K.L.:
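Have a look at this one before I ask anything.
Remember, it's a predicted structure, so these values are computed and weren't measured experimentally.
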Amino acid sequence: MHVFTTAFALLATITSAWAYPGPGVVTGNTAVHDPTLCKDASGTYFVFSTGTGIEIRTSPDRTAWTYIGNVWSTAPTATNQFTGTTNGVLWAPDCLYANNKFHLFYAASSFGSQNSGIFYATSNTGQPGSWTDQGLVLSTVTGDSYNAIDPNLLISANGIWYLSLGSFWTGIKQVQLTSSGALASSTVTSLAERSGTDAIEASVVYSYGSYFYLFTSWDLCCEGTSSTYNIRVGRSTSINGPYVDQSNVALTSGGGTLVLETHDSIYGPGGQDLFTDSDGPILVYHYYTSTGSYLGINKLDFSSGWPVVI
């Protein structure tokens, strides 16, 4: 009986792994990390991603991608105190195109550090050289209960700006901003947390139907084919939570329904963003193969009330 049970569990695991679809077809320059997707009024798609100066790629059709340059030729000097160097790598940008303007939030930090800052920039075109530095939004230091990285902006139906953020420590937080990108209050709301040193980061709060969905990346990024990143989700009827997973476990108690994980030759999918396009909800993420980190794009099906990768 024990052998049968073990074999059945193994078969279920293998079947689950086979069930994930591969990333949708993309071509061109797709070597990215921590991608965020938005689309301007003309229908041009933009992907911004982690890199020195923040990398920019564009596409006319969400399939063929061209690298066109960086947000900054030289990073704002205020980022240097967080990266520990001049013109350091800037992390995990988040783009939102609204009212004919690109809004970009991004982080400056270094691995394992809480000396971190989240910054804001704007542009009318999204092109290299067009960006205005709007400065530091918030920061953390060693000993704080969370880490100011991985920002994600959601503008609610009534026009209120919410920024989710955070990594490791006590997990994912949310703050309210003014429409100029400044902190609106000192209130910090906890959205999700894992126990001990278990990793959680890369939050995205996404509004769809009657719910707000909180997507996060669990476990370890940036280890090539040894990466254990995977994408989790919970939902709430309120943007500030509480969020629960499909088993009704609170995300603040370690809950999180699995959306996508390592499968086939796709390793460590995560660092995700969500985008609503004309053909529905789109999941954007990076994943590793034996040759590097690449752009993943898949549609999501919410027909069950929970996102399924298709």
K.L.:
Measuring from atom OG1 of Thr216 to atom CD1 of Ile172, what distance do you get when rounded to the nearest 0.5 angstrom?
P.N.:
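Spacing of OG1 (Thr216) from CD1 (Ile172) equals 6.0 Å.
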
K.L.:
Counting heavy atoms not belonging to Lys39, are there more than 12 under 6.0 Å from its NZ?
P.N.:
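Counting other residues, nucleotides and ligands, NZ of Lys39 exceeds 12 neighbours.
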
K.L.:
Before giving the answer on side chain to side chain donor-acceptor pair (under 3.5 Å), spell out for Ser203 and Asn152 the whole-Å C-alpha distance, their side-chain angles and the decisive distance to 0.1 Å.
P.N.:
CA-CA 7 Å; Ser203 64; Asn152 179 259; 5.9 Å; no

K.L.:
Would you say the side-chain atoms of Ser236 and Ser238 include a donor-acceptor pair closer than 3.5 Å?
P.N.:
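No donor-acceptor contact under 3.5 Å links the two side chains.
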
K.L.:
Does the side-chain contact (heavy atoms from CB on, under 4.5 Å) test come out yes or no for Val89 and Thr50, once each step is laid out?
P.N.:
CA-CA 7 Å; Val89 173; Thr50 290; 3.8 Å; yes

K.L.:
Hey, are Thr83 and Thr85 close enough side-chain-wise for a donor-acceptor pair under 3.5 Å?
P.N.:
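Looking only at side-chain atoms, Thr83 and Thr85 do not form any donor-acceptor pair under 3.5 Å.
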
K.L.:
So which atom in Gly271 and which in Tyr229 form the shortest heavy-atom distance, rounded to 0.1 Å?
P.N.:
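Taking every non-hydrogen atom into account, N-CE2, 3.3 Å.
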
K.L.:
With side-chain contact (heavy atoms from CB on, under 4.5 Å) as the criterion, how do Ile160 and Ile239 come out once you've worked through the C-alpha distance, each side chain's angles and the decisive distance to 0.1 Å?
P.N.:
CA-CA 11 Å; Ile160 299 175; Ile239 193 170; over 6 Å; no

K.L.:
Would you say Tyr211 has more than 12 foreign heavy atoms packed within less than 6.0 Å of its OH?
P.N.:
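No, OH of Tyr211 has 12 or fewer neighbouring heavy atoms, counting only those of other groups under 6.0 Å.
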
K.L.:
Would you mind reporting whether His33 and Ser49 have side-chain heavy atoms less than 4.5 Å apart?
P.N.:
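Heavy-atom side-chain distance check fails, nothing below 4.5 Å.
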
K.L.:
Determine whether more than 12 heavy atoms belonging to other residues, nucleotides or ligands lie under 6.0 Å from atom CG of Asp61.
P.N.:
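Counting neighbours around CG of Asp61, more than 12 heavy atoms of other residues, nucleotides or ligands fall under 6.0 Å, so yes.
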
K.L.:
With a 3.5 Å cut-off and no angle check, do the side chains of Tyr162 and Asn240 form a donor-acceptor pair?
P.N.:
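Looking only at side-chain atoms, Asn240 and Tyr162 do not form any donor-acceptor pair under 3.5 Å.
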
K.L.:
Are the side chains of Leu96 and Trp161 in contact, using a 4.5 Å heavy-atom criterion?
P.N.:
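A side-chain contact is absent here, since even the closest heavy-atom pair is not under 4.5 Å.
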
K.L.:
Might you point out which heavy atoms bring Cys38 and Phe48 nearest each other, and give the distance in Å?
P.N.:
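Distance-wise, the nearest heavy atoms are SG-CE1, 3.8 Å.
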
K.L.:
At what distance, to the nearest 0.5 angstrom, does CG of Leu220 lie from CG of Asp198?
P.N.:
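It comes to 9.5 Å.
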
K.L.:
Set out, in order, the CA-CA distance, both residues' side-chain angles and the distance that settles side-chain contact (heavy atoms from CB on, under 4.5 Å) for Arg194 and Asp219, then state yes or no.
P.N.:
CA-CA 10 Å; Arg194 298 182 71 194; Asp219 300 328; 3.0 Å; yes

K.L.:
Using the benzene-type ring in the case of Trp, are the ring centres of Phe46 and Tyr97 under 6.0 Å apart?
P.N.:
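No; Tyr97 has its ring centre 6.0 Å or more from that of Phe46.
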
K.L.:
Minimum heavy-atom separation for His286 and Cys221, please, with both atom names.
P.N.:
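The pair with the smallest heavy-atom distance is NE2-SG, 4.0 Å.
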
K.L.:
Nearest 0.5 Å, what's the CG-CD distance between Asn147 and Glu201?
P.N.:
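With rounding to 0.5 Å, CG (Asn147) is 9.5 Å from CD (Glu201).
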
K.L.:
Hey, could you give me the CG/OG1 distance between Asn87 and Thr79, rounded to the nearest 0.5 Å?
P.N.:
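Rounded to the nearest 0.5 Å, the CG-OG1 separation comes to 7.5 Å.
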
K.L.:
Scan side-chain atoms only and decide if Asn115 and Ser113 contain a donor-acceptor pair under the 3.5 Å cut-off.
P.N.:
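Side chains of Asn115 and Ser113: no pair found under 3.5 Å.
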
K.L.:
Search all heavy atoms of Ile56 against all heavy atoms of Gln127 and return the closest pair with its distance.
P.N.:
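Looks like CD1-C, 4.3 Å.
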
K.L.:
Between Asp144 and Ser139, which heavy-atom pair has the shortest distance, and what is it?
P.N.:
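Smallest interatomic distance, heavy atoms only, reads OD2-O, 4.5 Å.
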
K.L.:
Indicate yes or no for a side-chain donor-acceptor contact from Arg62 to the backbone of Tyr45 under 3.5 Å, with no hydrogens or angles considered.
P.N.:
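No, the answer is negative, given that no donor and acceptor are paired below the 3.5 Å cut-off.
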
K.L.:
So, is the end of the Arg232 side chain (NZ or CZ) under 6.0 Å from the ring centre of Trp218 and within 45° of the ring's axis?
P.N.:
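The answer is yes; both the distance and angle limits are met.
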
K.L.:
Can you measure from CG (Leu260) to CG (Leu300) and round to the nearest 0.5 angstrom?
P.N.:
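It comes to 9.5 Å.
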
K.L.:
Looking at side-chain heavy atoms only, is the closest gap between Leu163 and Leu138 below 4.5 Å?
P.N.:
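Touching, per the 4.5 Å side-chain cut-off.
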
K.L.:
Determine whether the aromatic ring centres of Trp131 and Phe119 lie less than 6.0 Å apart.
P.N.:
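That pair fails the under 6.0 Å test.
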
K.L.:
Below 30° counts as parallel, above 60° as perpendicular, anything between as tilted: where do the rings of Phe111 and Trp91 land?
P.N.:
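Phe111 and Trp91: tilted rings.
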
K.L.:
Less than 3.5 Å apart, any donor N or O on the side chain of Lys173 or Ser190 sitting next to an acceptor on the other?
P.N.:
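Looking only at side-chain atoms, Ser190 and Lys173 do form a donor-acceptor pair, the distance falling under 3.5 Å.
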
K.L.:
Relative to the ring of Phe302, is the ring of Tyr206 parallel (under 30°), tilted (30 to 60°) or perpendicular (over 60°)?
P.N.:
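Tilted.
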
K.L.:
Among side-chain atoms of Glu261 and Tyr20, is any donor-acceptor pair under 3.5 angstrom?
P.N.:
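Their side chains do contain a donor-acceptor pair, which is all the 3.5 Å distance test asks for.
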
K.L.:
Quick one about Thr122 and Gln134 (side-chain donor to acceptor, distance below 3.5 Å, no hydrogens or angles considered), yes or no?
P.N.:
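There is such a pair between these side chains.
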
K.L.:
To the nearest 0.5 angstrom, please state how far the CG atom of Asp273 sits from the CD1 atom of Ile297.
P.N.:
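It comes to 10.5 Å.
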
K.L.:
So which heavy atom on Gly22 is nearest to which on Asn298, and how close?
P.N.:
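Closest approach of Gly22 to Asn298, heavy atoms only: O-ND2, 3.0 Å.
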
